[in-house]
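Below: one structure, written as structure tokens.
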Amino acid sequence: MRMTSTILGIAAVLAVGLLALPVLAATADVDIRGGEYIPASLTVEENTTVTWTNYDEVAHTVTGTGGLFDSGRIEQNQTFNYTFADTGTYPYGCTLNASTRRTPMQGVVIVVPEGMMVEPGENVTPTPTGNLTPGEEPLNMTLVDLIAGEANLTAFADALNRASVAKTVLTSGGPYTVFAPDDAAFEALGNETLTAIFNDTEMLDALLMHHVVEGNYTVEDLMAAANTTGNMTTLDTLAGNTINVTAVDGNLTVENATIVTADVAAENGIVHVIDMVLVPEDLIPAENVTPTTEANITIVEPMEGASAAAGNVTVSVNVTNFTLVDPTGQPNAPGEGHLHYYLDAVVPTNASAPAIPKTGGYVISTNLTHTWENVTSGAHNFSVQAVNNDHTPLIPLVFETVNVTVEGNITPVENVTPVENVTGNITPEAPAEEQRVIP
């Protein structure tokens, strides 16, 4: 009995001693060499302490996006530690070299639950090529898989393959919302600009991460967020910048881009296909930017706030960087189209529908002037909008509106017949000038 008691006592002491032993914390290291974080992308489990060591002669910082952690100046051979307690994706960069380089040094720490360490590319099921279908729930498909399988996102997929950080983030992290520019959007940047971006991994990562925000945002979510704050909401990107999402007449724009395909779900997020590359300010060196000129419309007459006599009111415009061509059924082409003149109408903004106002009058024209007849006394607004060959609005929108006070009386002209309702699409073979008046 005494022996048994002794053994039990020793066991109890050992048990207490074992419980008192500290749990060995997980650690990981990142070197700072040659103005880079090595590795730039690091995947760790939660409660891991990461140590950055600066081997460069110049000082650097390790500054988390949104200010979650900030090392301050790390001089040569100095270190900085940070423990990542929660799962998530933590992009960071150096703030000291931002004034001498196009973009700060960039890195990312991806934190997964304990016991669930996943190496990039592990357990990823290949996805057959196909077209994105909104609302479909994919099986074992990451955002990278989803993008790689879409025929209209080959440039974006190629960019991910060339980047050092963005592909790992979209494979292992999440959930994210990705605003993915289609191939036509990348082509619009021009060969010289594309070459400069694709040959600079740092610039490419910054560009791609500017299209990614944390969380799952459906179009419905984005619309609700925009309407809550007026008509615009601001989202923080993984690049440390912001993008604005605007709701106008039930349509969403991301900066100046239109959502072409929405709400395509992956295992770790959502993809919205957009028709424009979102380029952060000062990302691309000026010498590598393909010169672009945007169409512009200015109403020369009447001027804003002017007074006009009742009867015939002539609207004259000046159009630059836009070629006026008759709409005869030809496909859309950059920099060409025609004008829609509006009287007392809300300028249409739906990029996927012909620009037909719900009320007021409109005219299809290739002329720089149009005379509205039988304009009665009172306050009126006159607008002119640049549209594509298929009558859809240019995006970004190109229009101008002036408000005019019309005074006096007129004798109604009988040859202007009000049109009670306009339905369907505009006939592509419409003449160069056609007038509709909608009560």
Side-chain angles (χ1 to χ4, degrees), residues 25-44 48-85 88-111 120 159-170 172-173 192-214 236-243 278-289:
T27 61
D29 297 306
V30 177
D31 292 348
I32 304 176
R33 298 179 185 270
E36 295 182 358
Y37 300 111
I38 303 172
S41 177
L42 177 67
T43 301
V44 299
T48 296
T49 299
V50 179
T51 299
W52 287 264
T53 303
N54 182 19
Y55 293 98
D56 284 349
E57 294 181 358
V58 297
H60 295 291
T61 74
V62 175
T63 305
T65 300
L68 179 63
F69 52 92
D70 188 357
S71 65
R73 292 177 65 91
I74 309 174
E75 303 293 345
Q76 186 177 23
N77 296 324
Q78 289 184 343
T79 62
F80 169 69
N81 302 321
Y82 185 80
T83 300
F84 292 88
T89 301
Y90 301 89
Y92 63 90
C94 176
T95 60
L96 297 181
N97 62 357
S99 61
T100 58
R101 300 176 61 162
R102 288 184 300 276
T103 58
M105 292 156 46
Q106 288 187 313
V108 63
V109 176
I110 302 169
V111 184
L160 285 173
N161 287 329
R162 294 169 181 258
S164 64
V165 175
K167 185 175 182 179
T168 302
V169 170
L170 297 187
S172 305
E192 188 174 351
T193 301
L194 283 177
T195 299
I197 295 173
F198 276 59
N199 288 338
D200 187 325
T201 302
E202 182 184 331
M203 188 193 305
L204 188 57
D205 268 317
L207 180 68
L208 295 175
M209 302 277 267
H210 185 61
H211 292 76
V212 183
V213 301
E214 284 199 87
D236 295 323
T237 75
L238 295 191
N241 312 97
T242 60
I243 53 176
L278 310 178
V279 181
E281 186 177 357
D282 299 328
L283 174 68
I284 304 174
E287 63 269 20
N288 291 324
V289 176

Roughly how far apart are T63 OG1 and L68 CG, rounded to 0.5 Å?
-> 11.5 Å

When the ring planes of F84 and Y90 are compared, do they come out parallel, tilted or perpendicular, using 30° and 60° as the limits?
-> tilted

Compare every heavy atom of G93 with every heavy atom of Y37, then report the nearest pair and how far apart it is.
-> OH-C, 3.2 Å

Can you name the closest pair of heavy atoms from D236 and T242 and give their distance?
-> OD1-CG2, 3.3 Å

Between CG on residue N54 and CD on residue Q78, distance to nearest 0.5 Å | 8.0 Å

Minimum-distance pair of heavy atoms, taken over all atoms of V62 and I74 | CG2-CD1, 3.8 Å

Shortest non-hydrogen contact from A28 toward V44 = CB-CG1, 3.9 Å

Can you check whether T51's main-chain N or O pairs, donor with acceptor, with T79's side chain at less than 3.5 Å?
-> no

Tell me, do W52 and Y92 make a side-chain contact under 4.5 Å, heavy atoms counted?
-> yes

Please check if the side chain of D205 supplies one atom and the backbone of A163 the other of a donor-acceptor pair under 3.5 Å.
-> no

Kindly indicate whether the side chain of L208, heavy atoms from C-beta on, has any atom under 4.5 Å from the side chain of L204.
-> yes

Nearest 0.5 Å, what's the CG-OH distance between D70 and Y82?
-> 11.5 Å

Just checking, is any N or O donor in the side chain of T53 or D31 under 3.5 Å from an acceptor N or O on the other one?
-> no

Roughly how far, to the nearest 0.5 Å, is NE2 of H60 from CD of E36?
-> 10.0 Å

Kindly compute the distance separating CZ (F69) from OG1 (T83), expressed to the nearest 0.5 Å.
-> 11.5 Å

How close do E75 and A59 get, heavy atom to heavy atom, and via which atoms?
-> OE1-CB, 3.5 Å

Would you check if the side chain of D56 reaches a backbone N or O of G34 as a donor-acceptor pair within less than 3.5 Å?
-> yes

Under 3.5 Å: donor-acceptor pair, side chain of H211, backbone of L278 = yes

Atom CG in L238, atom CG in L170: separation rounded to 0.5 Å?
-> 8.0 Å

For residues L160 and K167, report the shortest heavy-atom separation together with the two atoms involved.
-> O-CB, 3.3 Å

